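Have a look at the structure below, then the notes.
Here is how names work: the chains are called A, B, and so on, in the same order as the sequence lines, proteins then strands, and each is numbered from 1. Note that the structure is a prediction, hence the values are computed from the model and not measured.
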Amino acid sequence: MSDEQYPAEETTADEVYDFRAIQDRWLPVWDELEPFRAGREGDVRPRKYILDMFPYPSGDLHMGHAEAFCFGDIVSRYWRGQGFDVLHPIGWDSFGLPAENAAIKRGIDPREWTYSNIDQQKKSFRLYAPSFDWSRVLHTSDPEYYKWNQWLFLEMYKKGLAYRKASWVNWDPVDQTVLANEQVLDDGTSERSGAVVVKKKLTQWYFKITDYADRLLDDLNQLEGAWPAKVLSMQRNWIGRSIGAEVDFEVEGHPEKISVFTTRPDTLYGATFMVVAPDADLAADLVAEATPEVAEAFQSYLTAVQKTSEVDRQNAEREKTGVFLHRYAINPVSGERIPIWAADYVLADYGHGAVMAVPAHDQRDLDFARQFDLPVRVVVDTTAPVTGVLPVIEFDGEGVPILPDDIESIDPAVTGRALTGDGRLTNSGPLNGLSKTNAIRRAIEVLEERGTGRSAKTYRLRDWLISRQRYWGTPIPILHGEDGELIPVPQEQLPVRLPASEGLDLKPKGSSPLGAADAWATVVDPDTGRQLRRDPDTMDTFVDSSWYYLRFLSAQDGTQAFDPAEAEKWAPVDQYVGGVEHAILHLLYARFITKVLCDLGYVNFTEPFSAVLNQGMVLLDGSKMSKSKGNLVEFADELDEHGADALRLTLAFAGPPEEDVDWADVSVHGSAKFLARAWRVAKDVSSAPDVDWKKGDQALRRHTHRFLAEAPGLTESFKFNVVVARLMELTNVTRKVIDSGAGPADPAVREAAEVITVALSMFAPYTAEDMWHRLGYEATVANAQWRKASPTLLVEESVTAIIQVDGKVRDRVEVSPKISVEDLEALARASEAVARATVGRQIVNVIVRAPKIVNIATTTF
RNA sequence: GCCCCCAUAGCCCAAUUGGCAGAGGCAGAUGACUUAAAAUCAUCCAAGUGUGGGUUCGAGUCCCACUGGGGGUACCA
């Protein structure tokens, strides 16, 4: 055994693991080496693009950041160890309201608050040590960044994808700005300010995301398995495509037809009235020539509806309300005359703002019909079984189907329950006897033949409202002429810089602060000399984040938003890591903008993020941490007390990354203990780096190589907690070999220690770096490559075969892994334990799965 | 209401995807070290997988129903 100590100079017997000393020692070394700069000249390694959702600079980093960036970093460091050139950039999503609100509160410039927070976060990140490429840092509030936001806007404007329209918009009365649909929560409040959002009619800028609705929906199929199922389902839901038909109804005494959208054209014969949204223009048209009494009734109803809060209006339990407009529509297939009502259960901005009401087969229509005593007519007999696609039903002499006797017992008018199931069409002329599916198809054919309807699709998705009446955002690069003309700012004049906030009143007041900056807002056209006004609004900050992943590829490029050649090299992002709170907003917008950029020829892919990992939340005692509730774990405190490595390891080990972590359930101290343990193993290795591992302890080597065989798959499927557990196991085994086995000089001990060090560097880079150094290698372990598992070491010399009788373990035998089915069965049959267990029983079947298990099935005589 | 996910030891979590329920950690117990405690180290202890059925030679794993918890979504025609 060699007594050589390696490296000799700093290995002393009483040295203990000291995370502060280790951090202090290696941080400057890493700063010097910049090991994570990606895309260096001549680098021929295959590439991976790993991206964390960039942070918003509100104060210092918190535990949520610690978790998300920990996972992104594990993935990044893993792929680096697998021989990839990994791009793992960092930037700041630094435009937005909190900066502005803080600025108003303290009377300072939003820039000051924003950039000092960014500096603080950068410092914390440096110590936390994610493997960022610091040469590509971007801040969306830099003119060098938002210039390209403006470029993007103009590209979209040229294509007709950015447009202005007057519409009812969501207005946040606290922040005094409009909001996108996506920013309004279910309860009708603003996701940012919490205020109850009201509707206001304003002329605003929109991005035409609805043009991409089908692609945004259909392309989700490509992401199946690579994105969280939950996110896919939320996006599908949000886009909300409905397939059905448009049906045109004539209106008595009205020149224009009313079109309605329905998913159930098969029930057209059951439409006994029509309902229009009271706040739709259509309703106003219909009462225009009404009697004063009707007009007045409608007006007071409309006023009441508009006073109803969004919260109450969305409550489906609410009693149906409405008012009869004293107008009649004509059913295009039956010619039947049906009354038209206005009711707020019909939404003005979905479909055509009007529905054909089929109370027998739609619960809402039925509730309404029962409320106002309107007729209910069953046209689908849901008691008739549908056994095939072809109708099988008896008809009487006149072609009327013979219905079961008990149809009355399920009459929805009586039960109050609409019949929405499948069945046979009845009371429906040419549709009689058809199943629901066939009747839908046939009804559309009939409508198309008569020219009174057609198949149609409708979406829940609305166009993306992007203008904001606030200061701290990207100015919209449009000039307004006095005649209302819109003039795009020429490309060479970009960026349109934000004016200094000094002297501007940033307080929310319903109009953009930029409009008051006269010197900034007034522009004289050099050609014509006429005065133009700059658009006073700024862009939704989700525009900034919809393409930032591309800017990282050319962060320093002053000539273009990004270099398409770089995009071809790196994009799309291989792994995106971030919170599920962005499941709809950010991810949908980024997907949309990517498709637009693809159509414009700037990129050659249609989806920005090939895979997404949503980390869970960090909780304390079962609930979300918050300063006001007093249950807060401060990132800075944890970092100071336990160090970056212990904190990161704790997050990785706490459980599956997509699950929430309760800080009360984990032990940072336990993680620190393990780090010290692993570190001591490396410290104790006393063989030189060039020893021949093959001569080492074979049992330990098998453990090491089993780890090497398992860890990559586990890491790639994000089972970081299991990888850590396996590392602990391997460390324990190695410790035993050092203390009571082959000893610290055994070559297998060095092999195990090196494998532990390289794998541990994913979770605990400082500790691993120090271990790597003690093992005799140059910094940095981040460049160390994972070894491949040796197949010969994975084959066990003998395995334990289980012998069961009727599924219960009765015996076990040591066998060769290559044992034949016959031999194993013979061994099993020869077992005394089996003989005891089968006394008085007859063996009926023997299942052999060599070399693992034999199951003997028996029966009593 | 509809859709999705989850339920394994006191706690956090594993289980090669149908083959011995336990890898790892926390807590606990015992011992070593210490005048003592903390820290550290060593050893040990622990459930038959939420409930009821089914498929199978064999079920934590697949199927059905239920219970409990979490999430998404909803007058979207």
Roughly how far apart, to the nearest Å, are B/C26 and B/A9 at atom C1'? 12 Å
B/U16 and B/C11: how far apart are their P atoms, nearest whole angstrom? 23 Å
Please classify the nucleic acid contact of A/Arg241 as base, sugar-phosphate, or nothing, using heavy-atom distances under 4.0 Å. nothing
If only side-chain N and O atoms of A/Arg364 are considered, is one of them under 4.0 Å from the OP1 or OP2 phosphate oxygen of B/C76? yes
Here the distance between atom P of B/G25 and atom CD of A/Glu729, to the nearest Å, is 9 Å
When only distance counts, do a donor and an acceptor, one from the side chain of A/Lys320 and one from the base of B/C75, lie under 3.5 Å apart? yes
Both A/Gly351 and A/Arg677 contact RNA chain B. Which one's nearest nucleotide lies toward the 5' end? A/Arg677
Can the ring centres of A/Phe71 and A/Phe718 be said to be less than 6.0 Å apart? no
Considering only side-chain heavy atoms of A/His669, which listed nucleotide, B/C41, B/G24, B/A39, is closest? B/A39
Below 4.0 angstrom, N of the basic side chain to O of the carboxylate: do A/Lys808 and A/Asp806 qualify? no
Pick the P atom in B/A21 and in B/U49, then give their distance to the nearest Å. 11 Å
Just by protein heavy atoms under 4.0 Å, how would nucleotides 3-14 of chain B read 5' to 3' in B, S and -? --------SSSS
Looking at the side chain of A/Met728, which of B/C41, B/U73, B/G24 is the nearest nucleotide? B/G24
Within this structure, what is the CD-to-C1' distance between A/Gln363 and B/G1, rounded to whole angstrom? 10 Å
Counting only Watson-Crick pairs (N1-N3 plus N6-O4 or O6-N4) and G-U wobbles (N1-O2, O6-N3), all under 3.5 Å, who is the partner of B/U8? none
Regarding A/Thr321 and A/Tyr301, is there a side-chain donor-to-acceptor distance under 3.5 Å anywhere? yes
Count the heavy atoms belonging to other residues, nucleotides or ligands that lie under 6.0 Å from NZ of A/Lys257, then report whether that count exceeds 12. yes
Of the listed nucleotides (B/A77, B/U40, B/G24), which one gets closest to any side-chain atom of A/Phe261? B/A77
So what does A/Lys673 hit on the nucleic acid, given a heavy-atom distance under 4.0 Å: a base, only sugar-phosphate, or nothing? sugar-phosphate
Give me the distance, rounded to whole Å, that separates B/G10 from B/C20 when you measure between the P atoms they each carry. 22 Å
May I ask you to decide whether A/Asp266 forms a salt bridge with A/Arg264, counting only side-chain N to carboxylate O separations under 4.0 Å? yes
Side-chain atoms of A/Ile802 come closest, of B/C20, B/U73, B/C76, to B/C20
If B/A23 has a Watson-Crick or G-U wobble mate with both distances under 3.5 Å, name it; if not, just say none. none
Assess the side chains of A/His352 and A/Glu246: does a donor N or O sit below 3.5 Å from an acceptor N or O? yes
In whole angstrom, give the distance that lies between atom CE of A/Met234 and atom C1' of B/U73. 9 Å
Return the value, rounded to whole Å, for the distance between atom CG of A/Asn237 and atom P of B/A74. 7 Å
Between B/G71 (C1') and A/Trp238 (CH2): distance, integer Å: 17 Å
So, A/Phe653 versus A/Phe674, ring centres under 6.0 angstrom or not? no
Reckon A/Arg810 touches a base, only the sugar-phosphate, or nothing at all at heavy-atom distances under 4.0 Å? nothing
Across every strand shown, the nucleotide meeting Watson-Crick or G-U wobble geometry with B/U40 (both distances under 3.5 Å) is B/A32
If pairing means Watson-Crick or G-U wobble with both distances under 3.5 Å, then the partner of B/G60 is none
So, is A/Arg460 close to the B/A74 phosphate, meaning a side-chain N or O under 4.0 Å from OP1 or OP2? yes
Pairing partner of B/U73 (Watson-Crick or G-U wobble, both distances under 3.5 Å): B/G1
Is any side-chain nitrogen or oxygen of A/Asn732 closer than 4.0 Å to OP1 or OP2 of B/G25? yes
Can you check each nucleotide of nucleotides 49-57 of chain B against protein heavy atoms at under 4.0 Å and return B for base, S for sugar-phosphate only, - for none, in 5' to 3' order? --------B
Please pick, from B/C20, B/U40, B/G24, the nucleotide with the shortest atom-to-atom distance to any side-chain atom of A/Ala725. B/G24
Taking atom C1' in both B/G24 and B/A32, what distance in whole Å separates the two? 25 Å
Can you check the distance between B/A27 and B/C13, where both ends of the measurement are the C1' atom (answer in whole Å)? 14 Å
With rounding to the closest Å, how many angstrom separate the C1' atoms on B/A59 and B/G52? 15 Å
Does a nitrogen or oxygen in the side chain of A/Ser242 sit under 4.0 Å from OP1 or OP2 of B/A77? yes
Closer than 4.0 angstrom, basic N to acidic O: yes or no for A/Asp684 and A/Arg680? no
Considering Watson-Crick and G-U wobble pairs with both distances under 3.5 Å, what does B/A65 pair with? B/U51
What interatomic distance, in whole Å, is found between C1' of B/C45 and the corresponding atom of B/A29? 7 Å
Which whole-number value in Å describes the distance from A/Ile340 CD1 to B/A77 P? 21 Å
Counting only heavy atoms from other residues, nucleotides and ligands, does the tally under 6.0 Å from CD of A/Glu832 exceed 12? no
Side-chain donor/acceptor of A/Tyr17 to backbone N/O of A/Ala672, under 3.5 Å: no
With syn defined as a glycosidic torsion within 90 degrees of 0 and anti otherwise, which applies to B/G48? syn
Are there over 12 heavy-atom neighbours, none belonging to A/Asp214, within less than 6.0 Å of that residue's CG? yes
Starting at OH of A/Tyr345 and ending at P of B/G1, how long is that distance when rounded to a whole Å? 22 Å
Should B/U17 be called syn or anti, with syn set as within 90° of 0? syn
Would you say A/His703 reaches B/A23's phosphate, i.e. side-chain N/O to OP1/OP2 under 4.0 Å? no
Determine whether the aromatic ring centres of residues A/Trp341 and A/Phe372 are separated by less than 6.0 angstrom. yes
Separation of B/A74 C1' from A/Asp349 CG (nearest whole Å): 15 Å
On RNA chain B, check which nucleotide each of A/Thr262 and A/Ser671 is closest to and give me the residue with the more 5' one. A/Ser671
Geometric cation-pi criterion, A/Lys320 with A/Phe368: 6.0 Å, 45°: no
